[in-house]
Amino acid sequence: LSSNGIKDDDYSIFLVNNNDLNAFALPGKYMGINTGLLLSTQDESELASVVSHELAHITKKHISRMIYAQKKATNVSLAALLIAILASNSNSNLTSGALAGAQANLAQNYFSFSQSHEKEADYAGFEKRKAESAAKGKLRGIGFSTYIEACGIAPSAAVMSLGAGVGLWESAEIRFNPTGNISVFTGTHSHGQSHDTTFAQIVSDKLGVPMESIEIVHGDTDKGPFGMGTYGSRSLAVGGTAIAKACDKIVEKGKAVAANMLEAKPEDIEFKDGEFLVPNTNKKKTMGEIAFACYLPGTYGEIKSPLPEGMEPGLKETAFYDPVNFSFPAGSHICEVEIDPTTGETKVDTYTCVDDFGNLINPMIVEGQIHGGLAQGIGQALYENAYYDETGQLVTASYMDYCMPRADNFPEFRIDYTCTPATSNPLGVKGCGEAGAIASPPAVMNAVVDAIGTEVTMPATAEKVWRALKDKQSAQKKAA
């Protein structure tokens, strides 16, 4: 930390056992932790003891230790500083030196990440905006949320060791027809995440075929291989990788066919931008020509088959991908709210987020998923609630009664990214579909609590915020 200009005495240190950790947020009570152990201390000797004990038990198998340092809430100058320790699958222990080295390598990235995030959110100007709100009779608060998520479900070895009855690999099949059009069969399924576009981009980039020539078929075991479906932000990291691997097999067969047609050795053939080339010559064949050639196994008169002897006809390849590890998207979100104390109504005034999803295949689609996740999370924090009466009857069973957020409940989101490519899959991608819904509830609730100066539970509806303020006033009067 000191190498990055951070003074040790400015920080509270938190050691996190991340075996089951989805997200956490600091400062504030609303940590966003689903499961996991959070040990915190500001006593140096106790901290040293805890860290020493943990170092003795850290193994590369666990791949899930994290040290998180946050500026004290009394003088916050950084949105977050997150140091993630991610290791490969090995039984050997991480030494304290290796741990320190990993921290140092990642610290600078996240230090810069946090500074840019805070600048975008204009934290330095918060007190001025708070005073301006107060002049209008409003309360203003700011909330932080920093998360890391384990997704890209899942390494079969991990889930089966925990009792799962099946591995969580994924499948893909690429079929060329003789005219060069492609059908891609994936075992995942699209629920509105724009897989048709993203998967077609992968195939187009790998094989040099126009996207309009690519058809994506989801989860149809009557036509394609069996798959494991869509959940846990796995479709791209696992399903997309299976598609990429099937494309690699297509290219390998194409090289053998091209070599026979171009009178070259297969190992001498290069594939680039949809063409099979013989280096330093003008000899080449397009992917379309190779696809057509794969369906000509026989001999007609003087026309011989372009296929190498013994090669089966057709151009169709299947791949299964079992991830070696989860992917770990992470990010930091800052929310600013303004509250009318006379009504309890909460307005989300600004929302800034910076996430690390690794390589982005289609940034527009990612942004759309972030918007959807933020809307879902903010709705959970402020509006949505399944309410039952004393007899157990659900009284919010229709949208006449259940409060759904509307477009006018949200500000213009400020969205940005940092990129640390995932090492657990060859695409370098991480999940993004759940990020907004993970980070936004604690960010919003921390902002609400900061504004009103007292606790309130989700959803922080106008009535609950108003009652919390009244209870606070009553307690202050009694104390006086």
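In this structure, a donor-acceptor pair under 3.5 Å is absent between the side chains of Thr418 and Asp356. In this structure, a donor-acceptor pair under 3.5 Å is absent between the side chains of Ser424 and Ser327. Using modelled atom types and a 3.5 Å distance limit, the side chains of Gln201 and Asn362 yield a donor-acceptor pair. A side-chain donor from one of Thr318 and Glu173 sits under 3.5 Å from a side-chain acceptor of the other.
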task = Check the pair Tyr417 / Glu367 against side chain to side chain contact (heavy atoms under 4.5 Å, CB included), numbers first and verdict last.
result = CA-CA 10 Å; Tyr417 311 97; Glu367 183 172 331; 3.7 Å; yes
task = Check the pair Tyr383, Met404 against side chain to side chain contact (heavy atoms under 4.5 Å, CB included), reporting the backbone distance first and the verdict last.
result = CA-CA 7 Å; Tyr383 307 109; Met404 288 283 286; over 6 Å; no
query = Under the side chain to side chain contact (heavy atoms under 4.5 Å, CB included) criterion, do Ser156 and Asp322 qualify, and how do the steps go?
reply = CA-CA 7 Å; Ser156 295; Asp322 192 2; 3.0 Å; yes
message = Checking His218 against Asp220 for the side chain to side chain contact (heavy atoms under 4.5 Å, CB included) test, could you report, in this order, the C-alpha distance in whole Å, the side-chain angles of both residues, the deciding distance, and whether it holds?
response = CA-CA 6 Å; His218 306 271; Asp220 189 344; over 6 Å; no
query = Checking salt bridge (charged side-chain N to carboxylate O under 4.0 Å, His left out) for the pair Glu412/Arg414: CA distance, chi angles, key distance, verdict?
reply = CA-CA 7 Å; Glu412 185 75 20; Arg414 301 169 180 172; over 6 Å; no
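Across all non-hydrogen atoms, the minimal contact from Tyr147 to Asp355 is OH-OD1, 2.7 Å. Contact detail for Phe276 and Leu262: the closest heavy-atom pair is O-CD1, 4.0 Å. In plain terms, the two heavy atoms of Glu317 and Ile250 that are nearest each other are CG-CD1, 3.6 Å. Between Pro279 and Asp268, the shortest heavy-atom distance links the atoms CD-O, 3.0 Å. Considering every non-hydrogen atom in both Ala437 and Pro441, the closest pair reads O-CD, 3.1 Å. Of all non-hydrogen atoms in Lys430 and Gly358, the two that sit nearest each other are CD-N, 3.7 Å.
Side-chain contact between Asn325 and Phe328 is present, with heavy atoms from C-beta onward closer than 4.5 Å. You'll find the side chain of Val184 reaches within 4.5 Å of the side chain of Ile214, heavy atoms only. You'll find the side chain of Cys151 stays beyond 4.5 Å of the side chain of Phe326, heavy atoms only. The shortest distance between side-chain heavy atoms of Ile378 and Pro405 does not fall below 4.5 Å. Side-chain contact between Leu382 and Pro459 is absent, with no heavy atoms from C-beta onward closer than 4.5 Å. Two residues are said to be in side-chain contact when any heavy atoms from C-beta on lie closer than 4.5 Å; Val366 and Cys432 meet this criterion. Residues Met311 and Val257 form a side-chain contact, since some pair of their non-hydrogen atoms from C-beta on lies under 4.5 Å apart. The shortest distance between side-chain heavy atoms of Pro155 and Val324 does not fall below 4.5 Å.
The distance from the CD1 atom of Ile148 to the CD1 atom of Ile438 is 10.5 Å, given to the nearest 0.5 Å. Going from atom OH of Tyr351 over to atom SG of Cys353 covers 6.5 Å, rounded to the nearest 0.5 Å. Taking CD1 of Ile415 as the reference point, atom OG1 of Thr352 lies at 10.0 Å (rounded to 0.5 Å). Distance check: Ser235 OG to Met228 CE gives 12.5 Å after rounding to the nearest 0.5 Å. With rounding to the nearest 0.5 Å, the separation of CD1 in Ile243 from CD1 in Ile174 is 6.0 Å. We find the CG-CG distance between Leu427 and Leu236 to be 6.0 Å, quoted to the nearest 0.5 Å.
With hydrogens and angles ignored, the 3.5 Å screen pairs no side-chain donor or acceptor of Thr221 with any backbone N or O of Phe226. A donor-acceptor pair is defined here as one N or O able to donate and one able to accept, closer than 3.5 Å; no such pair exists between the side chain of Ser213 and the backbone of Val209. Although no hydrogens or angles enter the test, the distance criterion places no donor-acceptor pair under 3.5 Å between the side chain of Ser204 and the main chain of Ala200. Looking only at distances, a side-chain donor or acceptor of Ser305 sits under 3.5 Å from a matching main-chain atom of Leu296. Distance alone, capped at 3.5 Å, is enough to place a donor-acceptor pair between the Asn409 side chain and the Arg406 backbone. In this structure, the side chain of Lys206 does not engage the main chain of Lys245 through any donor-acceptor pair within 3.5 Å. Between the side chain of Thr188 and the main chain of Thr230, no donor-acceptor pair closer than 3.5 Å is present. No donor-acceptor pair under 3.5 Å is formed between the side chain of Arg129 and the backbone N or O of Tyr123. Put simply, the side chain of Asn425 gets close to the backbone of Val429: a donor and an acceptor are under 3.5 Å apart. A donor-acceptor pair under 3.5 Å is absent between the side-chain atoms of Thr198 and the main chain of His195, judged by distance alone.
Environment of CZ in Phe292: sparse, with no more than 12 heavy atoms of neighbouring residues, nucleotides or ligands closer than 6.0 Å. Summarising the local packing, CD of Glu267 is surrounded by more than 12 heavy atoms from other residues, nucleotides or ligands at distances under 6.0 Å.
Using a 30° and 60° split on the angle between ring planes, His371 and Phe413 fall in the perpendicular class, above 60°. Between Trp169 and Phe320, the two ring planes are perpendicular [angle over 60°; tilted spans 30° to 60°].
The salt bridge (Lys or Arg N to Asp or Glu O under 4.0 Å) with Lys284 is formed by just one residue from the set Glu270, Glu289, Glu275; it is Glu275.
Look at Glu170 and Arg234 and you find a salt bridge, because one of the NZ, NE, NH1 or NH2 atoms lies within 4.0 Å of a carboxylate O, short of that distance.
The aromatic ring centres of His333 and Phe144 sit 6.0 Å or more apart.
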